[in-house]
Each structure stands twice: as structure tokens, then as C-alpha cells.
Amino acid sequence: MTALLEVRNLRLSYPSRGWRSKTPEVLRGVSLEIAPGDTLGLVGESGSGKTTLGRAILGLATPTAGTITFDGRDITHLGPKQRRSLARDIQVVFQDPYTSLNPTLTIADILAEPLIAQGTDPAEARTSVGRLLDQVGMPVDALHRYPREFSGGQRQRVAIARALALEPRLIVCDEPVSALDLSTQARVLDLLIDIQRRTGVAYLFITHDLAVVRHVSHRIAVMYRGELVETGDTAAVTTSPSNDYTRNLLLASPTADPDRQRERREARRLARSAAASA
Ligand SMILES: Nc1ncnc2c1ncn2[C@@H]1O[C@H](COP(=O)(O)OP(=O)(O)O)[C@@H](O)[C@H]1O
Ligand SMILES: [Mg+2]
């Protein structure tokens, strides 16, 4: 496999606020790869370092060691100008559709902004925005309205359209459906899968929710306290996890099947009593 994105032994500590106090390492030697057109699901409990890894890939957090390679090029430490040009290839969708869109801009302006920032002629950018909205299943009359006029799911569709504007090869999706209700979640996930089939974009899909990640990912990486404890094909990781932490995540994630639910409750109960007597 020729990787689109390759992360090798990445380490990161945030700068300390006080003088001389040492900050804990948030990423402790993370290595992963994403192939073109693939989805790697990154799953782990809150505070395990998932967002930090996404931010490092986007150039928003500075690694203390290790490398990030995109399409064969070392992007671990880029200057602002190189970073801006890399925005053509790597985009992001954040969790919160209420704060990630500028409330003072119309949807048309929000979608045209990344194009104009990359030097597209404004008139040409305006003709692209209708096509972008259509790609995410939004009506064109949305163009002249403001983010506050839309639901969370619709706003997240706009955020996805904005991420697609420059036809990136990788999108970092950081908990993109966690703020949405269940049925909206399913529709937005289906949209992301559909977009991938049409465009061949790769996703780093970050979530604390194993049920979500299972639905969208080709491969899954499990993060625990700044380290990947397990990486593998989705089916292998979710049906026969090799790691105890992954097994517990699986037991904690909801399933629609009542028999499976009963099995899991029993498994959790046994795990608890075994832990108590250990
Ligand atoms: N900007 C920051 N400055 C200092 N510490 C941070 C910052 N962002 C996150 N952290 C810390 O890094 C750890 C990992 O956080 P994060 O990457 O957000 O985890 P996750 O996305 O898995 O919930 C947490 O302990 C968090 O408190
Ligand atoms: Mg996070």
C-alpha cells in the first residue's frame, strides 16, 4: 500500500503555562497510515489524544518528535505559506456545527471563502457553490440564508460542503456527528460514505463512539492514553479484538439486537466481578 498519510512515532506535549513545570505527554509515539480513498476510524475515550492527533495533522498543534508525511512529503513542520497551500489537500470537519460556521456570512459566502482564499476568481467561486450544496443534499435556495436558519444536521452538511470545496484528498472528521440526534447521525454518515465513493477522498474519522466508527471505517485504530493499543481491519477489530481495552469499548457500545445486549450485559457483569476479585 502506498500511504496517502503516514504518521510515524509522533509525540506531543503541549507547552506548559508555568515556568519549569513539565507537561504530560499527550501523544506517546503514535504511528498510523491511511491509503488513498480509505477511512481510518480513530476511536478512544475522551482525553485519550484523538483531537490532538487530528490537530497535529492539520498543523494546529506542534509535535515534539516524530514525522507526518502526506503523499510522500514531510509536513511535520510547515511554514504558514506552505500550510495554506496544503489546505487544498487536507481539510477538516469539526464536531460542533453551531460554532464552526461564521454566523455573519451567508451559506454562499461560507462556501466561496476557501475557494477565494486559494485564488479562485470570485465570480467563478460563486458558480461553484451551488454545485457544492447539491453534493451534500441541500437545496440551492439555502445559498442566501444564514447558518442560524438551519438545523444541526443541515449545518453539518454545509460544513462538509465547505470541506469539499477545494477537492481535498484527506478530510479529518473530528466527532462530526456527535452533536446530532441518532437519525440525523445516520444520514450524515451515509452522506460521508457516498461522497467518498464519488470523489475518492480519504477520511481520518475521529470518534469516541465505536458504533459510529464501525459503520464508516475500512480500518480502525484504538487510542488509549496517547498510544494506539490496536490497529486493524474493521471486521477484525470489532469481532475479535486482541486488546482488553478494545474489548471493553466494544462491550460499552450500544447494539440494536436484544440478544446481543443481554450477552453484553452478562459479559460486563462477569468482567466486573472478575476485576473485583482480582
Ligand atoms: N490546547 C491544549 N493545551 C493543553 N492541554 C491540552 C490542550 N488540548 C488538549 N489538551 C489535553 O490533552 C489531552 C488529550 O486531549 P484531546 O486530544 O482533546 O483528547 P480527545 O480528543 O481524545 O478527547 C487531554 O488531557 C487534554 O486535557
Ligand atoms: Mg476530541
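These numbers come from the heavy atoms of this one structure, side chains and all, not from hydrogens, waters or symmetry mates. One-based numbering, in listed order, for ligands and for the atoms of each.
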Any ion pair linking [Y] and [X] (charged N to carboxylate O, less than 4.0 Å)?
X	Y	value
E124	R126	no
R155	E149	no
D174	K50	no

Check ligand 1 against the protein and report each N/O to N/O distance under 3.5 Å, formatted as atom name, atom name, distance.
{"from": "ligand 1", "atom 1": "8 (N)", "to": "Y14", "atom 2": "OH", "distance (Å)": "3.4"}
{"from": "ligand 1", "atom 1": "17 (O)", "to": "T52", "atom 2": "N", "distance (Å)": "2.9"}
{"from": "ligand 1", "atom 1": "17 (O)", "to": "T52", "atom 2": "OG1", "distance (Å)": "2.5"}
{"from": "ligand 1", "atom 1": "19 (O)", "to": "G49", "atom 2": "N", "distance (Å)": "3.1"}
{"from": "ligand 1", "atom 1": "21 (O)", "to": "T51", "atom 2": "N", "distance (Å)": "2.9"}
{"from": "ligand 1", "atom 1": "21 (O)", "to": "T51", "atom 2": "OG1", "distance (Å)": "2.8"}
{"from": "ligand 1", "atom 1": "22 (O)", "to": "S48", "atom 2": "N", "distance (Å)": "3.2"}
{"from": "ligand 1", "atom 1": "22 (O)", "to": "S48", "atom 2": "OG", "distance (Å)": "3.4"}
{"from": "ligand 1", "atom 1": "22 (O)", "to": "G49", "atom 2": "N", "distance (Å)": "3.1"}
{"from": "ligand 1", "atom 1": "22 (O)", "to": "K50", "atom 2": "N", "distance (Å)": "3.0"}
{"from": "ligand 1", "atom 1": "22 (O)", "to": "K50", "atom 2": "NZ", "distance (Å)": "2.8"}
{"from": "ligand 1", "atom 1": "23 (O)", "to": "G47", "atom 2": "N", "distance (Å)": "2.6"}

For R198, side chain to side chain donor-acceptor pair (under 3.5 Å) partners two or more places apart: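 With sequence neighbours excluded, R198 shows a side chain to side chain donor-acceptor pair (under 3.5 Å) to D194, given in chain and number order.
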T69 versus D74, closest heavy-atom pair with distance: CG2-N, 4.2 Å
Stacked cation flag R73 on F70, 6.0 angstrom / 45 deg: no
Short N/O/S contact of Q95 with the Mg ion (ligand 2) (below 2.8 Å): no
